[in-house]
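Down below is the structure, laid out as C-alpha cells.
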Amino acid sequence: MFKNFFGYHLVADYHKKKDPKRWHISGFIKAIIASVIAIAICCIPTESFGIAGFTFNEKIVVGLFVWAALMWITEAIPSWSTSVIIIVILLLTVSDKALSFMAHEGVASMVNGEEVIFGAPVSYKSILASFSDPTIMLFIGGFVLAIGMAKVKLDLVAARIMLKPFGTKSENVLLGFILVTAIFSAFVSNTATAAMMLAFLTPVLKALPADGKGRIALAMAIPVGANLGGIMTPIGTPPNTIALGYLNETLGANITFGEWVAKMAPFVIILLVIAWFLLRFLFPFKQKKIELNIEGQLEPGKQSYIVIAGFIITIFLWCFSDPLGLGLNSYIVAMIPVGLFAATGVLTRRDLEEVNWSVLWMVAGGFALGLALNATKLSDHLIESIPFGQWSLIVVMIVAMLVCFLFSNFISNSATASLLVPVLGVVAGAMTTHTGDASIAPRMLVAVAIAASVSMMLPISTPPNAIAHSTGMIEQKDMIKVGAIMGFLGLGFGLCWLFLVF
C-alpha cells in the first residue's frame, strides 16, 4: 500500500497484526498435510478416476488444485505465496519445458508398473504470461490512478467535496460516508479506502456520545461501503477482475468496463441504500448533528492537473470507448495513466515499489491454475464425464454463491474466487454448449464476484472489516449481525439481478 495515502498508518497497523512469524509452526504443519494429500492424489492410478482418456498431466493438475485449495483455506502460508508456488510447480511438471523425466504429449511411460499417457503439456510461455495477463494490467492501471490521486491529495479534496452536500444531520452524514466510501472503493483498493475514510471519521467518533449507538453505525458504514462499492467496477476488487478475466480471455464474453459499470452500479446503489436504512435502524443516533472537518488541499503545480486529466480521460475511455467506436478495450485504456504518469514524473520508482504486488501475484496464480485446467484437456474430460448440461442453472448458482460466501468470510476473497472461477467456468462452458444460452457464463461467474464482496460477517472477512474493528467502536456481534443481513440480502438480490441484466 502506497505511503502517500491518507490513513496509511491504519493499513500499516493492520499488516503488523498479521505478523508472518505466526506461520512458522502451525503453517508448516498445515503445508505438510496439504502436500501429503496432494501427492497421494498424484499417486492414485489414473484408472481410479473413472474418466476415459484421463492423463498423468491432468492428474497432476487435480492434485495441485486440491493442494491450492487446502493452502488457501487454511492460510498455511500467505495467499500470494501459494499462487507463486502454483506457477512454479506447473512450470516444473506439466509445461512443455518441464523436468526432463516428464514426457511430452502422447508419450507413454511406465510408472509404478502401469503404462501412463502423460497427455498435453502447457506452454511455459502461457504460464509465465499469467504474471502479465491483461487483467493484471487492468488492476495496475487502477493502482496507478490511486497513487496519482494520493500524491496530489486529489482524494482528500474529492472526499470533502462529495461529503459536503450531505450537510450535518447525523443520518445524512451516515449516508454520505456509505456512498462516498463506495465510490472510492470502486476505483481504489478497498483497504486504502477504508483507512482513508476512517481517518476522517476518527475525530468525529471520539466526539459522539459514548452511550449512543450512532458511533457503531458510522464505523460500520466504512466496511459496508468499501465492500459493496467494489462490486461496481471491474477494478473494484480482485474477484471482479478474476471473473472478468476468465469471461473475456477464456470464454470470449467480451464484457467491457462500461458494460460492467452500467449493469452493476444500480445494483450496488440499491444495496447501499438498504445498508443505510439498516444501520439507522440497528444503531440510531443520539446526537442529531455531526460536524465534519476534513483538512487537505490539492497540491499546487502541474502534477495536479496531469492527475486530474489522466483520471478523467481514463474513466471516460473505460466507460465510453466502445460506444464511441474507438476500438480501445479496458486493458489498453488501463495503461494510459501508467504511461502518462511515468512520462510526466507523477509516477516514480518508489511509487512502483509501493504497489500491492502481492494481490497481483495472488490473481496470477488463479489464472495459471485455470490455464492448466484447460490446456491439459482436464476441462474437456470433465465436460464429457459429468452431465453439466442437465443441471439447473439456478441451483448451480445458489450453491456456488453460498460456498463462495462461506469461504470468503474466513479466507481471502481473492483465493476463493481463484478456486471457484476456473471450476465454474468449465461448468458454465458445458451448460452454454448444451443450451446455447450465452448468458449462463456471465451470470455464474459474476455471481461469484458478488458473493465474495458481500461476505463481511467477521473482522477477518475483509481488510476493511479488520481496520474498522480495530477502532474499538464495533463489537464482533454487531459486525456479524450487519454482515449476515447484508450478506444474505446481497446473495438473494444479486441472484435476481443477474437474471435481470445478463
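Residues Lys151 and Thr348 are in side-chain contact: their nearest non-hydrogen atoms beyond the backbone lie under 4.5 Å apart. In this structure, the side chains of Phe166 and Leu179 come closer than 4.5 Å at one or more pairs of heavy atoms. Side-chain contact between Leu393 and Met444 is present, with heavy atoms from C-beta onward closer than 4.5 Å. Annotation: side chain of Ile394 is not in contact with side chain of Met397 (no heavy-atom distance under 4.5 Å). Side-chain contact between Leu138 and Trp318 is present, with at least one heavy-atom pair separated by less than 4.5 Å. For the pair Leu163/Phe177, a side-chain contact is recorded, criterion being any heavy-atom separation below 4.5 Å from C-beta on. Side-chain atoms of Pro266 and Trp497, non-hydrogen and from C-beta on, do get closer than 4.5 Å to each other. Side-chain contact between Met456 and Leu228 is present, with at least one heavy-atom pair separated by less than 4.5 Å.
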Test side chain to side chain contact (heavy atoms under 4.5 Å, CB included) on Val448 and Ile242; report intermediate values, then the result. CA-CA 10 Å; Val448 171; Ile242 294 169; over 6 Å; no
Determine, stepwise, if the pair Asn190 / Ser185 fulfils side chain to side chain donor-acceptor pair (under 3.5 Å). CA-CA 5 Å; Asn190 60 10; Ser185 185; 5.0 Å; no
Worked verdict on Lys481 versus Lys477 for side chain to side chain contact (heavy atoms under 4.5 Å, CB included): CA-CA 6 Å; Lys481 187 188 304 181; Lys477 63 179 183 180; over 6 Å; no
Does the side chain to side chain contact (heavy atoms under 4.5 Å, CB included) test come out yes or no for Glu249 and Tyr331, once each step is laid out? CA-CA 11 Å; Glu249 301 301 316; Tyr331 312 112; 3.6 Å; yes
For the pair Asn227 and Asn465, evaluate side chain to side chain donor-acceptor pair (under 3.5 Å) and give the outcome as yes or no after the intermediate values. CA-CA 9 Å; Asn227 292 325; Asn465 279 25; 3.1 Å; yes
Working note: Ile231 + Thr237, criterion side chain to side chain contact (heavy atoms under 4.5 Å, CB included); need CA distance, chi angles, decisive distance, verdict. CA-CA 7 Å; Ile231 302 173; Thr237 183; 5.8 Å; no
Using the side chain to side chain donor-acceptor pair (under 3.5 Å) rule, take Asn413 and Thr416 through it: C-alpha gap first, then chi angles, then the decisive distance, then the call. CA-CA 5 Å; Asn413 58 12; Thr416 303; over 6 Å; no
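Looking only at distances, a side-chain donor or acceptor of Gln287 sits under 3.5 Å from a matching main-chain atom of Lys289. Thr432 places no side-chain N or O within 3.5 Å of a backbone atom of Ile440 that could act as its donor or acceptor partner. The main-chain N or O of Ser461 is never found under 3.5 Å from a side-chain atom of Asn409 such that the two would form a donor-acceptor pair. Remark: the backbone N or O of Glu171 is paired with a side-chain donor or acceptor of Trp276 at under 3.5 angstrom. Side-chain atoms of Ser412 do not come within 3.5 Å of backbone N or O of Ser408 as any donor-acceptor pair. Listed for the Trp72 side chain is no donor-acceptor partner under 3.5 Å among the backbone atoms of Trp67.
The minimum heavy-atom distance between Thr135 and Thr241, with the atom names listed, is CG2-O, 3.0 Å. Across every non-hydrogen atom of Met149 and Phe311, the tightest pair is SD-CE1, 3.6 Å. The shortest heavy-atom contact between Ala417 and Pro422 is O-CD, 4.0 Å. When every heavy atom of Ser79 is checked against every heavy atom of Ala415, the shortest pair comes out as OG-CB, 4.4 Å. What you find for Pro464 and Thr191 is that their closest heavy atoms are CG-N, 4.3 Å. Nearest heavy atoms, Leu174 versus Ala217: CD1-O, 3.4 Å.
With salt bridges taken as basic N to acidic carboxylate O contacts below 4.0 Å, none links Asp478 and Lys213.
Atom CD1 of Ile450 sits about 9.0 Å away from atom CG of Asn240, to the nearest 0.5 Å. Rounding to the nearest 0.5 Å places CD1 of Ile222 at 9.0 Å from CE of Met196. Leu360 contributes atom CG, which lies 11.0 Å from atom OG of Ser83 (distance to the nearest 0.5 angstrom). Atom OG of Ser81 and atom CE of Met362 lie 10.5 Å apart (nearest 0.5 Å). To the nearest 0.5 angstrom, Phe277 atom CZ is 12.5 Å from Leu272 atom CG. Expressed to the nearest 0.5 Å, how far CD1 of Ile86 lies from CZ of Phe65 amounts to 9.0 Å.
A tilted orientation is assigned to the rings of Phe488 and Phe405, their planes being inclined by 30° to 60°. Taking the six-membered ring where tryptophan is involved, the planes of Trp361 and Phe131 are perpendicular, since the angle between them exceeds 60° and thus also 30°.
Looking only at atom types and distance, the side chain of Ser130 has no donor-acceptor partner in the side chain of Asp133 under 3.5 Å away.
Each of Leu251, Leu498, Leu244 was compared with Leu445 under the side-chain contact (heavy atoms from CB on, under 4.5 Å) criterion, and only Leu251 meets it.
When ring centroids are compared, Phe139 and Phe143 come within the 6.0 Å threshold.
Summarising the local packing, CZ of Phe320 is surrounded by 12 or fewer heavy atoms from other residues, nucleotides or ligands at distances under 6.0 Å.
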